[in-house]
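Written below as C-alpha cells is the structure these notes are about.
Side chains included, hydrogens not; waters and symmetry mates left out as well; all remaining heavy atoms used. Read the numbers this way: they start at 1 and go in the same order the structure lists the ligands and their atoms.
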Amino acid sequence: MYEQVKLSYNYDGLEPFMDAETVETHYAKHHATYTANLNSAAEAAGVADKPIEKLLAELDTVADEAQRTALRNNGGGFYNHNLFFEQLTPGGATEPTGKLKAAIDEKFGSFEELKAQMTALALGQFGSGWAWLSKDAAGKLYVSKSANQDNPISLGTGHMPIFTIDVWEHAYYLKYKNLRASYVENLWNLINWDVVGERYEA
Ligand code: MN
C-alpha cells in the first residue's frame with residue numbers, strides 16, 4: 001500500500017506564496033487520486049510489494065502496455081508529489097548548507113545559478129511537467145525537466161531526485177492563473193533545504 005506523505009503544515013500554512021485552496025486541492029484531490037490509482041494498478045500488475053523507486057526504475061519488466069502506462073503515470077504522480085509536498089515548509093527559505101551547498105557550489109558555482117537554471121527549466125517545460133535536481137551515486141548534481149508525470153527514475157537516468165518543481169497548471173492556476181513565472185519565483189520562499197540536504201546525504 002503506497003501512502004501519501006503526511007503534510008508538516010496546514011493547508012493554509014504556505015500562505016501567501018501558496019494558497020490554501022491550491023494546497024488542499026493539489027494534495028487531497030490530485031495527489032490522492034494518483035495514489036489510489038497507483039495502488040489499484042500495482043495490485044493488478046502484481047508489483048505492489050516494490051518500493052516506489054524500484055517500481056519506477058523497473059517499468060520495463062511489466063509486459064502489459066496498459067498496465068505499464070498506468071504505473072508510469074500514477075506511480076510518477078504518487079512519487080513526484082510526495083517529493084514535492086515533503087520539501088515545502090511555512091516561512092521557509094533558508095539556503096542549502098553543508099555537503100549539499102558544497103556540491104551546488106562545485107557544479108553550478110552558486111546557489112543563485114542553480115536557482116536560475118532550475119527556473120529556466122521550469123518555465124521552459126511546454127505543458128505539464130516537472131523540473132528536477134538529482135544526484136548520481138557519486139554525489140554529483142544534475143538539473144533536468146520532464147513531461148507529464150515522468151521523472152529521472154522512470155526515464156532511466158540512474159539519478160535520484162532530491163528536489164523538484166511541479167509545473168502542472170493545477171499547482172498554481174487558482175492563485176497565479178497563467179503566470180507560471182510568478183508561481184516559481186514565489187515557490188523558492190517555501191523550500192525546506194534541510195529536507196533537500198537530507199535527501200542529498202541519504
Ligand atoms: Mn501536481
Side-chain angles (χ1 to χ4, degrees), residues 2-42 52-53 55-56 59 69-90 92-93 115 118-134 143-155 157 159-193 195-196 199:
Y2 300 96
E3 294 184 1
Q4 285 179 268
V5 67
K6 298 280 178 277
L7 299 183
S8 63
Y9 41 85
N10 295 324
Y11 289 141
D12 64 357
L14 303 179
E15 299 268 9
F17 306 112
M18 195 179 288
D19 60 293
E21 187 180 10
T22 292
V23 176
E24 179 168 10
T25 306
H26 200 177
Y27 178 80
K29 304 291 185 189
H30 291 280
H31 191 194
T33 300
Y34 286 120
T35 305
N37 289 344
L38 166 64
N39 280 310
S40 300
I52 188 62
E53 294 88 347
L55 184 153
L56 291 171
L59 287 169
T69 299
L71 291 170
R72 177 180 174 183
N73 290 336
N74 294 295
F78 164 75
Y79 173 86
N80 298 349
H81 286 100
N82 262 7
L83 210 70
F84 181 75
F85 285 118
E86 188 187 50
Q87 75 192 12
L88 302 179
T89 188
K115 283 172 70 172
M118 285 283 294
T119 298
L121 287 164
L123 301 187
Q125 170 59 35
F126 183 78
S128 298
W130 300 77
W132 300 97
L133 177 66
S134 308
V143 290
S144 63
K145 61 184 170 70
S146 66
N148 303 317
Q149 294 298 354
D150 290 338
N151 62 48
I153 303 175
S154 62
L155 291 171
T157 64
H159 300 160
M160 185 59 64
I162 63 170
F163 168 64
T164 190
I165 300 175
D166 186 345
V167 293
W168 283 59
E169 283 187 343
H170 68 226
Y172 59 87
Y173 202 85
L174 293 176
K175 179 178 177 69
Y176 294 100
K177 299 296 183 274
N178 60 316
L179 302 179
R180 185 188 287 187
S182 297
Y183 153 70
V184 172
E185 183 182 351
N186 281 292
L187 186 67
W188 293 107
N189 294 305
L190 297 172
I191 306 305
N192 186 338
W193 289 103
V195 167
V196 181
R199 291 172 181 166

By the salt bridge (charged side-chain N to carboxylate O under 4.0 Å, His left out) test, which pairs, at least two apart or in different chains, include something from residues 69-79?
Arg72-Asp150
List for me each residue that meets side-chain contact (heavy atoms from CB on, under 4.5 Å) alongside Ser134, sequence neighbours excluded, and say none if there are none.
Trp132, Pro152, His159, Pro161
Quick check for you: within a radius under 2.8 Å, how many protein N, O or S atoms neighbour the Mn ion (ligand 1)?
4
Output, in order, the C-alpha distance, side-chain angles, deciding distance and verdict of salt bridge (charged side-chain N to carboxylate O under 4.0 Å, His left out) for Glu15 and Lys175.
CA-CA 11 Å; Glu15 299 268 9; Lys175 179 178 177 69; 5.1 Å; no
Mind checking side chain to side chain donor-acceptor pair (under 3.5 Å) for Asn73 and listing every partner two or more places apart, or none if nothing turns up?
none
Given side chains that start at C-beta, do those of Tyr172 and Met18 come closer than 4.5 Å, heavy atoms only?
no
Describe, in one word, how the ring planes of His81 and Tyr34 are oriented to each other, choosing from parallel (under 30°), tilted (30 to 60°) and perpendicular (over 60°).
parallel
